[in-house]
2 protein chains.
Amino acid sequence: MSTVNHQFRLAARPVGTVKASDWNFTEETLRDPAEGEVLIKILQISLDPAMRGWMNESKASYIPPVGLGDVMRALAVGRVIASNNPKFAVGDHVNGLLGVQEYAYSNGQSLTKIDPKLAPLSVYLSSLGMPGLTGYFGLLEVGQPQAGDTVVVSGAAGAVGTVVGQIAKIKGARVVGIAGGADKCRYLTEELGFDAAIDYKSDNVKAALLQHCPDGINVYFDNVGGDILDAALAQLAHGARVVICGAISQYNNTTPIKGPANYLNLMVKRATMKGVMVSDFYPRAAEAGMVMAGWIASGKLKTREDIVEGFNKFPETFQMLFTGENNGKLILKIAEA
Amino acid sequence: MSTVNHQFRLAARPVGTVKASDWNFTEETLRDPAEGEVLIKILQISLDPAMRGWMNESKASYIPPVGLGDVMRALAVGRVIASNNPKFAVGDHVNGLLGVQEYAYSNGQSLTKIDPKLAPLSVYLSSLGMPGLTGYFGLLEVGQPQAGDTVVVSGAAGAVGTVVGQIAKIKGARVVGIAGGADKCRYLTEELGFDAAIDYKSDNVKAALLQHCPDGINVYFDNVGGDILDAALAQLAHGARVVICGAISQYNNTTPIKGPANYLNLMVKRATMKGVMVSDFYPRAAEAGMVMAGWIASGKLKTREDIVEGFNKFPETFQMLFTGENNGKLILKIAEA
């Protein structure tokens, strides 16, 4: 067993796009787990847009920022390699906020056992993990699509967007995805069964929404914010539900976030705008996991992970989220088993 | 009886602040009412922020824009002076969209009889009229305040804001009003019983909201948009309801409306943003009118109108809405009886 642990720690609060100098690459000697602790070898690290928000000094967020000098917070899956906690045995696979590092200690709280025989480890970070739960509950509980509704999702080829669109199809909605690039759009319509896809890099999003949603948008699930949110607000149907899940177009801003100028259309269209915070639904994670595992098994819900290998590639891999280079859930694989 | 009717017609679509040249002052000869029609002498005209929106060329609004050359649309109260409609007799007082003119013809549809012995005519344009219904249903149905909640209302000294704040007090909430100037703020706390008032012209609204709403805002009723909406969004309590009623700070913009940069706080605080359109509640107008008339009679709901006299003062009086010069519901009185 290795005796050292490498880590990416937050060296500076980024201004705009994250730079290499915002990270500190550090090395620590491993110790035995203390009473009640387990030691986990991390195998795959989840790279998520929300991590960008955790890097900012912010008073009023849903979770405290990562402290300067702290290991960067991240979801990850790993394997228990030493245990001083009766609930976990060596060899158990687990999922939790383990951080951007090669090994993690945990007292077992908020650590979930997972079974790599039921699904590949990477799926526990995507459809059966946080992004899947976000899409499942955000769409069904907040968006409340009805059969025949037109559902539009932005960031449609991402980890949350693919789940939202496919579940909307399962529930009988017409689904239009907004994504960047012809390949992603083709993936949405040809592989995932979306009714239409809009390429925001080459299409006029407003005109395309008008074309693909002639009766307006009943549910808009927003992962991106900015101009695309405004274009969707302009095309709402009467009584529409707008689900705010994220605003990746705005996370690297050095100027204030661009608020939705068309928000008054909420009034004109008797529409509702509401956020989804996945943590509110953690008590119901098992319910969603069972339903989604069934859909995955029957081929109704396809899941795709973009897996980059190599712990030291973390800084540049993280940037792929913001350039849109990833295809599906972005994961950094750092060990085989 | 006079044989001529004077009118203010829309001469041009205003760019920014409305100018005198955006109006045409015209004169018409009166005729007898046609079959089914009544002829109404207009006594008092309601001046409302929404009128500014009706002057814009806009495809997607809740009501078509006023056509160029058309009489400006406005709510008004008047007296029937000739009737060719069995439902209305000469001498009846009525309320409806009669326009900015001295006389109006109506086929009787969407014309409501009112009783000047029950309340002064001006009250039918304020608390017992459209602004009152907007405040009543917007607060109670959309905002859903609970006893002990902190309710914040902007444009608090206006026709809608005074109703919202007083009803919130009746329902047991703590009420904080945001208004422009020390006089208006004193009126809110000393006359209307608001718990606190913030003068946006001299206070730091964000700091004042923090001070007056230490546990956050449970219901925010917005009439103004812009920076004040953003300040309120920053101070929401968990599960807050944001009621969008108007955005008077933005109506004269020549640049796009400033969207709320802090809208992501809807997500962090599990809050909901929803609009109120008073017309949705017209079928329940009688219910609200009875309840509010009772509150007015018992002194729980105070109503104040700012009445300017003289038909030809319409252009400059209308501007008072945007400079905030009016104290209470702004009304143009053009005839005594």
Side-chain angles (χ1 to χ4, degrees), chain A residues 50 53 56 58-63 134 138 141-142 206 210 216 222-227 229-230 233-248 250-251 253 255-281, chain B residues 50 53 58-63 134 138 141-142 206 210 216 222-227 229-230 233-251 253 255-281:
Chain A
N56 294 335
S58 162
K59 281 154 282 181
S61 190
Y62 59 98
I63 190 171
T134 304
E141 296 288 325
V142 186
K206 202 173 168 187
L210 196 63
D222 190 41
N223 290 304
V224 302
D227 292 336
L229 171 57
D230 261 332
L233 288 174
Q235 194 56 22
L236 295 181
H238 190 100
R241 285 81 67 201
V242 178
V243 184
I244 301 296
C245 179
I248 198 168
Q250 305 293 306
Y251 290 166
N253 279 9
T255 51
I257 279 187
K258 180 195 177 314
N262 289 334
Y263 80 104
L264 290 173
N265 218 24
L266 295 174
M267 182 168 68
V268 175
K269 298 298 183 181
R270 286 72 162 169
T272 303
M273 182 184 279
K274 201 168 175 181
V276 53
M277 287 294 293
V278 64
S279 51
D280 293 349
F281 297 103
Chain B
S58 161
K59 280 152 281 181
S61 190
Y62 59 99
I63 190 171
T134 304
E141 296 287 326
V142 186
K206 201 173 168 186
L210 197 63
D222 191 42
N223 291 304
V224 303
D227 292 336
L229 171 56
D230 262 331
L233 288 174
Q235 194 55 22
L236 295 181
H238 190 99
R241 285 81 67 201
V242 178
V243 184
I244 301 296
C245 179
I248 198 168
S249 74
Q250 305 292 307
Y251 290 166
N253 279 10
T255 51
I257 280 186
K258 181 195 178 312
N262 290 334
Y263 80 103
L264 290 173
N265 218 24
L266 295 173
M267 183 168 68
V268 175
K269 298 298 183 179
R270 286 73 163 170
T272 303
M273 183 184 279
K274 201 168 175 181
V276 54
M277 287 294 294
V278 65
S279 51
D280 293 348
F281 298 102

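Below, read A as the first sequence line, B as the second, and so on, with proteins coming before strands; counting in each chain starts at 1.
The two atoms that bring B:Lys258 and A:Tyr263 nearest to each other are O-CE2, 4.2 Å, heavy atoms only. When all heavy atoms of A:Ile257 and B:Ala261 are compared, the closest pair comes out as O-CB, 3.2 Å. The shortest non-hydrogen separation linking A:Ile244 to B:Met267 is O-SD, 3.4 Å. Contact detail for B:Met273 and A:Leu266: the closest heavy-atom pair is SD-CD1, 3.6 Å. Minimum heavy-atom separation, A:Arg270 to B:Asp280: NH2-OD1, 2.6 Å.
Proximity to chain B (any heavy atom under 4.5 Å) is restricted, for A:Ser279, to the side chain, taken from C-beta onward. Within the 4.5 angstrom heavy-atom criterion, only side-chain atoms of B:Leu229, from C-beta onward, approach chain A. With a 4.5 angstrom heavy-atom cutoff, B:Asn253 does not touch chain A via any of its atoms.
Chosen from A:Cys245, A:Gly246, A:Pro256, the residue pairing most often with chain B at heavy-atom distances under 4.5 Å is A:Cys245. Of the residues considered (A:Gly275, A:Gly259, A:Gly225), A:Gly259 shows the highest number of contacts with chain B, using heavy-atom pairs under 4.5 Å. Annotation: maximal heavy-atom pairing with chain A below 4.5 Å, among B:Met277, B:Gln250, B:Lys274, occurs at B:Met277.
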